[in-house]
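First comes the structure, then the notes that go with it.
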Amino acid sequence: LIRLQEVDMMDSIESKSLQLIKTVLDHYSLPDYGRFLVERAVHATADFSIASLFVIQPGFIETSLKKIESGSEVYCDSEMVSSGISPCLLQQCGIKLTVFVHERECYARAQAQNRTRSEAAIDICCEKGIHNFIFGNAPTGLLRLIHHIHQGYQVNFVIGMPVGFISAALSKNQLIQTGVPSMILSGPRGGSTIAASVFNALLKKKLEDEKLETIT
């Protein structure tokens with residue numbers, strides 16, 4: 001009983017927080033497309049200043065919702081990103097998260113090829129045929145993925161939120177130019193929390209849409 005009361009209280013707090021965020025964002029003149037993603041990112045960071053920095057390519061939401069079907073594999077560029085994504089939502093949607101940067105093969109490749117582990121991890125991803133990507137930390141990894149895209153590798157969608165002053169903004173700008181369905185946070189800002197919150201919002205949307213389909 002106490003546990004249920006705690007869950008109800010948390011749901012109430014989240015609901016009130018999101019309502020406050022929606023009210024404030026009404027003054028930001030944001031486009032309607034993808035606004036629910038921005039709301040979740042603001043909720044996760046308590047930072048309204050990021051709201052106007054998001055760029056969401058047309059078709060990103062539709063494509064990502066279609067591609068995160070049960071059995072899908074999604075690459076995360078760090079454990080911090082994967083740990084921020086709800087295990088409950090992942091289980092309900094049947095999604096598997098993959099992180100390669102700490103694996104022995106990744107270390108060996110990076111050293112042998114004089115690359116960062118993030119770059120080596122992307123090479124492994126492409127060899128394994130992973131087509132869904134979330135970046136919250138590593139601009140070098142995102143730049144390596146862009147290289148593979150230019151070489152013809154097919155990518156379903158990318159959540160591109162690497163953070164940093166070296167190559168982060170560049171990697172996100174180049175990602176948008178590829179035409180791959182993407183969502184980025186412009187400039188050097190980003191991070192695991194923001195990237196994870198966007199994917200959590202997509203998973204919630206996926207479950208809500210499926211529930212509506214069963215009702216109708």
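Put simply, the side chain of H147 does not reach to within 4.5 Å of the side chain of E119, judged on heavy atoms. Residues F135 and V81 have side chains not in contact (no heavy-atom distance under 4.5 Å, counting atoms from C-beta outward). Side-chain contact between Y75 and I122 is present, with heavy atoms from C-beta onward closer than 4.5 Å. Annotation: side chain of P162 is in contact with side chain of K172 (closest heavy-atom distance under 4.5 Å). Taking 4.5 Å as the limit, every side-chain heavy atom of S171 sits out of range of all side-chain heavy atoms of L175. Inter-residue side-chain proximity for P139 and I166 is flagged as unmet; no heavy-atom pair is nearer than 4.5 Å. Taking 4.5 Å as the limit, every side-chain heavy atom of F54 sits out of range of all side-chain heavy atoms of L30. Side-chain contact between L18 and R40: present, with at least one pair of heavy atoms (C-beta onward) separated by less than 4.5 Å.
Scored by the side chain to side chain contact (heavy atoms under 4.5 Å, CB included) test, K67 finds T63, N132, N156, F157 as partners (sequence neighbours excluded). Applying the ring pair (Phe, Tyr, Trp, His ring centres under 6.0 Å) criterion to Y153, with sequence neighbours excluded, gives H131. Scanning for salt bridge (Lys or Arg N to Asp or Glu O under 4.0 Å) contacts around R109 gives E105, E127, with sequence neighbours left out.
Atoms SG and CZ, on C125 and F100 in that order, are 5.0 Å from each other to the nearest 0.5 Å. Separating the CZ atom in F60 from the CG atom in L202 is a distance of 5.0 Å, to the nearest 0.5 Å. The distance from atom CG of L212 to atom CD of E208, rounded to the nearest 0.5 Å, is 7.5 Å. If you take OG on S64 and CG on L203, they are separated by 9.5 Å, rounding to the nearest 0.5 Å. With rounding to the nearest 0.5 Å, the separation of OG1 in T98 from CD1 in I124 is 11.0 Å. Rounding to the nearest 0.5 Å gives a distance of 5.5 Å between CD1 of I85 and CZ of F199.
For the residue pair N200 and G84, the shortest heavy atom distance occurs at ND2-O, 3.0 Å. When all heavy atoms of Q174 and L143 are compared, the pair lying nearest together is OE1-CD2, 3.5 Å. Nearest heavy-atom pair, Y107 versus H102, reported as atom, atom and distance to 0.1 Å: CE1-O, 3.5 Å. When all heavy atoms are compared, the tightest approach of V101 to A121 is CG1-CB, 3.9 Å. H43 and S17 get closest at one heavy-atom pair: CD2-CB, 3.6 Å. Between L37 and I61 the shortest heavy-atom distance is CD1-CG1, 4.0 Å.
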* Tell me, with the steps shown, if F133 and D77 meet side-chain contact (heavy atoms from CB on, under 4.5 Å). => CA-CA 8 Å; F133 294 85; D77 70 339; over 6 Å; no

For this session: Test E39 against R35 for salt bridge (Lys or Arg N to Asp or Glu O under 4.0 Å), laying out the working first.
Result: CA-CA 6 Å; E39 290 169 355; R35 179 167 160 164; 3.0 Å; yes

Task: Residue pair L142, V158: steps toward the side-chain contact (heavy atoms from CB on, under 4.5 Å) verdict - done: CA-CA 9 Å; L142 180 52; V158 181; 4.2 Å; yes

Verdict with reasoning, D123 to H148, per side-chain contact (heavy atoms from CB on, under 4.5 Å)
CA-CA 8 Å; D123 290 345; H148 283 286; 2.6 Å; yes

Exercise. Run the side-chain contact (heavy atoms from CB on, under 4.5 Å) check on S192 and N137 step by step: do they pass?
Worked result: CA-CA 6 Å; S192 306; N137 290 270; 2.8 Å; yes

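Placement of V42 and L20 within a single hydrophobic cluster is found when ILVMFWY residues are connected by side-chain heavy-atom separations under 4.5 Å, directly or transitively. By the criterion of side-chain heavy atoms lying less than 4.5 angstrom apart, applied directly or through intervening Ile, Leu, Val, Met, Phe, Trp or Tyr residues, L170 is not grouped with L145; the two fall into different hydrophobic clusters. V163 and L185 are not part of a single hydrophobic cluster, where members link through side-chain heavy atoms under 4.5 Å apart. I159 and L65 fall within the same hydrophobic cluster, defined by Ile, Leu, Val, Met, Phe, Trp and Tyr side-chain heavy atoms under 4.5 Å apart, directly or through other members. Linking Ile, Leu, Val, Met, Phe, Trp and Tyr residues whenever their side-chain heavy atoms come within less than 4.5 Å places L89 and I194 in a single cluster.
Residue N114 qualifies as open at atom CG: its count of foreign heavy atoms under 6.0 Å is 12 or below. The environment of CD in Q113 is crowded: more than 12 heavy-atom neighbours from other residues, nucleotides or ligands sit within 6.0 Å.
In terms of modelled atom types and a separation under 3.5 Å, the side chain of S118 and the main chain of T116 share no donor-acceptor contact. Side chain of S72 to backbone of I95: no donor-acceptor contact under 3.5 angstrom is found.
Salt-bridge check for D209 with K205: passed, with a basic side-chain N closer than 4.0 Å to an acidic carboxylate O.
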